[in-house]
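Chain naming here is simple, since letters A, B, ... match the order of the sequence lines and numbering starts at 1 in each.
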2 protein chains.
Amino acid sequence: MALHILPMPINAGKKFRHGQILNVVANEPVASQDELRRRLAQRKLRVTQATLSRDLQELKLVKTPEGYKQAAALAEESAPLPPLSHALREFLVDIRPAENLLVLKTPPGGAQALAAAVDSAKFPEVAGTIAGDDTVLIITAKRKTRESLQKKIEAQMTK
Amino acid sequence: MALHILPMPINAGKKFRHGQILNVVANEPVASQDELRRRLAQRKLRVTQATLSRDLQELKLVKTPEGYKQAAALAEESAPLPPLSHALREFLVDIRPAENLLVLKTPPGGAQALAAAVDSAKFPEVAGTIAGDDTVLIITAKRKTRESLQKKIEAQMTK
DNA sequence: CGGGAGACCGTATAAATATGCATGGCTTTG
DNA sequence: CAAAGCCATGCATATTTATACGGTCTCCCG
């Protein structure tokens with residue numbers, strides 16, 4: 001019969017503790033590292049808050065208003081979501097077409113953010129953007145091009 | 001031209017600020033609320049860390065080692081418990097078959113967690129489980145049944 | 001053996017985050 | 001218009017989290 005002669009440290013082992021942490025956190029909301037420490041103590045595991053701080057990072061658990069949660073899935077995203085659509089609703093106050101130019105007005109200070117969002121959307125129509133404080137100037141090749149872009153932007157606003 | 005003299009001199013509006021926060025956070029890693037405060041200041045937005053603490057919660061942004069991230073996506077998950085596969089790798093030390101019984105050995109204190117994971121997997125072969133401190137006893141109907149279950153579990157370990 | 005490297009962890013403390021309380025502006029009522 | 005209710009904040013401070021440092025243990029290697 002297979003004997004698993006594992007180099008099991010005298011100590012319960014970090015691996016084991018990590019498993020317990022995941023287990024605790026999955027079952028009940030844990031609001032702080034100190035609370036987690038107490039729950040682990042109930043399970044016969046005595047560690048300090050400092051250790052838990054390190055463990056939580058290794059396990060990629062993040063603190064949320066509803067307790068610690070797995071962050072793995074979250075790690076890479078976040079960029080894709082708040083793009084143009086949100087920025088438009090947040091900042092766009094007015095649209096003014098002018099031949100091959102499109103002028104977007106925003107509340108004071110909003111231009112930079114809106115321009116960044118427009119850029120990141122990578123519309124083929126956009127030749128370039130310039131942002132002041134409350135105004136974004138979008139430059140397109142021709143009047144037709146501008147009309148196309150304007151439609152797209154206005155469409156974003158409604159949906 | 002639009003003159004914003006009185007409308008909102010000191011207060012640019014929470015909505016607007018929220019937009020700025022999302023924008024900042026989406027573009028570059030922000031390690032602390034104080035850093036965020038400084039970045040907003042560059043954008044002409046002056047608020048205190050206290051306000052940002054509240055904002056971040058409202059925006060469902062959580063702190064990760066790589067900066068603040070959108071938590072919305074993360075919120076609902078973590079429900080699908082740490083599946084069997086993980087629990088096995090975390091806790092399983094040895095498997096011992098015995099006729100229609102399967103004995104799983106874990107590090108001290110790991111049995112409860114492992115048993116819970118096995119239960120949640122809802123294997124049809126499992127008639128019931130009993131967990132001690134470092135031992136899980138799984139009961140199946142017959143020897144054949146146990147063999148089937150054992151294969152499944154061992155398969156989980158390799159992949 | 002005698003280091004030396006590295007992992008792990010506790011202690012103490014620094015850093016960061018959350019929050020109780022008070023203020024000022026707005027809106028709603030009477 | 002005054003009074004009352006709400007919000008959004010700032011300030012000061014409590015609470016929570018991260019980390020610098022040092023000690024212990026284990027495994028190697030000469």
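- Rounded to a whole Å, the CG atom of B/Leu45 is 11 Å from the P atom of D/dG10.
- Contacts of A/Arg46 with the nucleic acid, taken as non-hydrogen atoms under 4.0 Å apart, involve only primed sugar atoms and P, OP1 or OP2.
- Salt bridge status for A/Lys151 with A/Glu147: absent, with no side-chain N to carboxylate O gap under 4.0 Å.
- In plain terms, the two heavy atoms of A/Arg37 and A/Gln49 that are nearest each other are CD-N, 3.8 Å.
- Summarising the geometry, atom CD1 belonging to A/Ile21 is positioned 5.5 Å from atom CG belonging to A/Leu52; distances are rounded to the nearest 0.5 Å.
- Summarising the geometry, atom OG1 belonging to A/Thr51 is positioned 5.5 Å from atom CZ belonging to A/Arg17; distances are rounded to the nearest 0.5 Å.
- With hydrogens and angles ignored, the 3.5 Å screen pairs no side-chain donor or acceptor of A/Gln150 with any backbone N or O of A/Arg146.
- In this entry the distance linking CG of A/Leu61 with C1' of D/dA18 reads 16 Å, nearest Å.
- Note: CG (A/Leu59) to C1' (D/dA18) measures 16 Å, nearest angstrom.
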Annotated protein contacts, base or backbone, on nucleotides 12-19 of chain C with a non-hydrogen cut-off under 4.0 Å, one of B, S, - each = ----SBBB
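- A salt bridge does not link A/Arg54 to A/Glu58: none of the charged side-chain nitrogens sits closer than 4.0 Å to a carboxylate oxygen.
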